[in-house]
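Okay, so here's the structure we're looking at.
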Amino acid sequence: MNSLFALIPIAFVLTLDNFQSSIGLGTTKPPWRRIVQAAIVFSACDALAPLIGVWAGNFFSRFIGPVAEYAGAAALGAYALYLVAHAMRTEEAGDLDHPLAILGMPLPLSLDNLFAGASLGVVGASAVTVAVVCGCATLIMSAVGLTLGRLAASKVRIRTDLFGGLVLLGMAVLMVVQS
C-alpha cells in the first residue's frame with residue numbers, strides 16, 4: 001500500500017467506533033478541557049495500536065484476532081453499565097468528569113486498529129504513516145463526536161448520565177451484532 005489517499009478512508013472507517021462512543025460520552029457534558037484531553041487520548045491510542053499492529057501483526061492476529069471486536073464491545077458494555085448504575089444510584093446527574101471515566105475507554109476501542117495495522121503491514125504499509133493517519137482521523141472524529149454529544153445533551157432535558165450510559169450500551173450491542 002503506497003498511497004496515502006488509499007489509507008485515509010480506511011482510517012476514517014476505523015475511527016467510527018470512537019466517533020459513536022464519543023457521542024455517548026459527550027452526553028455526560030464534559031467540560032471543553034476534558035473533550036480536548038479525551039480526543040487526544042483516543043487519538044494516541046488509535047495511532048499506537050496500528051503502529052504496533054504493523055510491526056507485530058501476524059503474531060498477534062493468530063491468537064486474538066477473531067475476538068477483538070467482541071473484547072472491545074464487552075469493555076464498552078461494561079463501561080456503559082457502570083454509567084447506567086451510577087445514574088440509577090444518584091438523584092441528580094453525576095459528575096463524570098473523572099479522568100478515568102472518559103479517558104480510560106479508548107484502549108478497548110483501539111483493538112480493531114491493532115488488527116487493521118497488522119493487515120496493512122502485510123500489504124507493505126509504512127507503520128509511521130498508518131499511525132499518523134489513524135491518529136489524525138481519530139482526533140477529528142472523537143472531538144466532533146464528543147462535541148455533538150455535549151451539544152445534544154444541552155438541548156435535551158433528560159438525565160444525561162443515564163442517557164449517555166444507555167447510548168454506549170446500545171453501541172456495545174451494535175458492535176456485537178455487526179461482528
Side-chain angles (χ1 to χ4, degrees), residues 4-51 53 68-69 72-73 75-77 79-80 82-84 87 93-117 120 128-179:
L4 175 66
F5 295 110
L7 182 57
I8 291 172
I10 293 170
F12 276 98
V13 168
L14 286 172
T15 193
L16 289 177
D17 56 348
N18 291 68
F19 177 69
Q20 293 172 338
S21 299
S22 293
I23 291 172
L25 286 175
T27 63
T28 64
K29 296 183 184 178
W32 294 110
R33 169 185 47 78
R34 185 69 69 219
I35 287 175
V36 171
Q37 288 173 340
I40 289 170
V41 170
F42 273 54
S43 174
C45 287
D46 270 11
L48 185 59
L51 182 70
E69 290 291 326
L76 183 61
Y79 180 70
Y82 161 76
L83 290 177
V84 170
D95 178 18
L96 296 176
D97 189 32
H98 189 276
L100 292 178
I102 291 178
L103 302 180
M105 200 170 105
L107 290 177
L109 291 174
S110 297
L111 286 177
D112 59 342
N113 289 43
L114 178 74
F115 298 107
L120 292 170
V128 173
T129 303
V130 171
V132 168
V133 172
C134 287
C136 289
T138 298
L139 180 69
I140 293 166
M141 296 295 278
S142 296
V144 169
L146 285 158
T147 303
L148 285 174
R150 186 175 195 265
L151 292 173
S154 68
K155 301 294 180 199
V156 178
R157 301 286 180 228
I158 60 171
R159 288 285 307 267
T160 56
D161 53 348
L162 178 60
F163 179 71
L166 292 173
V167 168
L168 291 178
L169 191 57
M171 290 298 118
V173 170
L174 187 60
M175 287 170 68
V176 169
V177 169
Q178 291 177 340
S179 293

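Numbering starts at 1 and runs along the sequence shown. Model, not experiment: these values are computed from the prediction.
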### Query
Which pair of heavy atoms, one from Leu25 and one from Pro30, lies closest together, and at what distance?
O-CD, 3.7 Å

### Query
Roughly how far, to the nearest 0.5 Å, is the CG atom of Leu51 from the OG1 atom of Thr129?
10.5 Å

### Query
Ile35 and Ala143: which non-hydrogen atoms are nearest, and at how many Å?
CG2-O, 4.4 Å

### Task
Search all heavy atoms of Cys134 against all heavy atoms of Asp46 and return the closest pair with its distance.
CB-O, 3.4 Å

### Query
Thr27 side chain to Gly149 main-chain N or O, any donor-acceptor pair under 3.5 Å?
no

### Query
Which atoms form the tightest heavy-atom contact between Phe19 and Met141, and what is the distance?
CD1-O, 3.2 Å

#### Entry: Residue pair Ala47 / Gly135: nearest heavy atoms and the distance that separates them
CB-CA, 3.8 Å

### Summary
To the nearest 0.5 Å, atom CD1 of Ile23 lies from atom OG1 of Thr147 at 10.5 Å

#### Entry: Shortest non-hydrogen contact from Ala39 toward Ser142
CA-CB, 4.0 Å

#### Entry: Polar side-chain atom of Thr15 near backbone of Phe12 as donor-acceptor pair, under 3.5 Å
no

### Euclidean distance, Ile140 CD1 relative to Phe42 CZ, rounded to 0.5 Å
15.5 Å

